[in-house]
Participant: 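Dropping a structure here in structure tokens format, bear with me for questions.
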Amino acid sequence: MSLDQQRLKQKIKTAIQAEQAEEQNANTSLDRLSEAISQAVIAEIKAIKINYTSGLVSPNGPVTGTLNMTIE
């Protein structure tokens with residue numbers, strides 16, 4: 001899966017909207033908002049699919065293929 005700006009934008013908007021009604025504790029609201037945004041960004045990064053096409057060379061020629069990995 002590739003990065004999706006609209007999906008990330010919607011997650012950020014949802015996080016902000018969830019905190020707009022906070023009237024008691026701005027710092028708690030800021031912490032929750034920061035947590036939600038950071039989780040959304042990390043989820044997008046973890047969804048990246050890398051398709052490796054060139055750059056490495058083995059004795060038998062160029063190395064190509066799909067990287068099977070997990071971004072943590």
Participant: Out of curiosity, Thr14 OG1 to Ile37 CD1, how far, rounded to the nearest 0.5 Å?
Facilitator: 11.0 Å

Participant: A quick test of your reading: do over 12 heavy atoms of other residues, nucleotides or ligands sit less than 6.0 Å from CD of Gln5?
Facilitator: no

Participant: With side chains defined as the heavy atoms from C-beta onward, is the minimum distance between Gln10 and Gln6 less than 4.5 Å?
Facilitator: no

Participant: Looking at every non-hydrogen atom in both residues, tell me the closest pair between Asp4 and Glu44 and how far apart they are.
Facilitator: N-OE1, 3.1 Å

Participant: Where is the tightest heavy-atom contact between Gln24 and Glu22, given as atom of each residue plus distance?
Facilitator: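 The pair with the smallest heavy-atom distance is N-OE2, 3.0 Å.
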
Participant: If we only count heavy atoms from C-beta on, is the Arg7 to Lys9 side-chain gap below 4.5 Å?
Facilitator: no

Participant: Are Glu35 and Arg32 close enough that some pair of their side-chain heavy atoms sits under 4.5 Å apart?
Facilitator: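 Side chain of Glu35 against side chain of Arg32, heavy atoms only: no contact under 4.5 Å found.
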
Participant: Is the shortest side-chain heavy-atom distance between Val41 and Ile45 below 4.5 Å?
Facilitator: yes

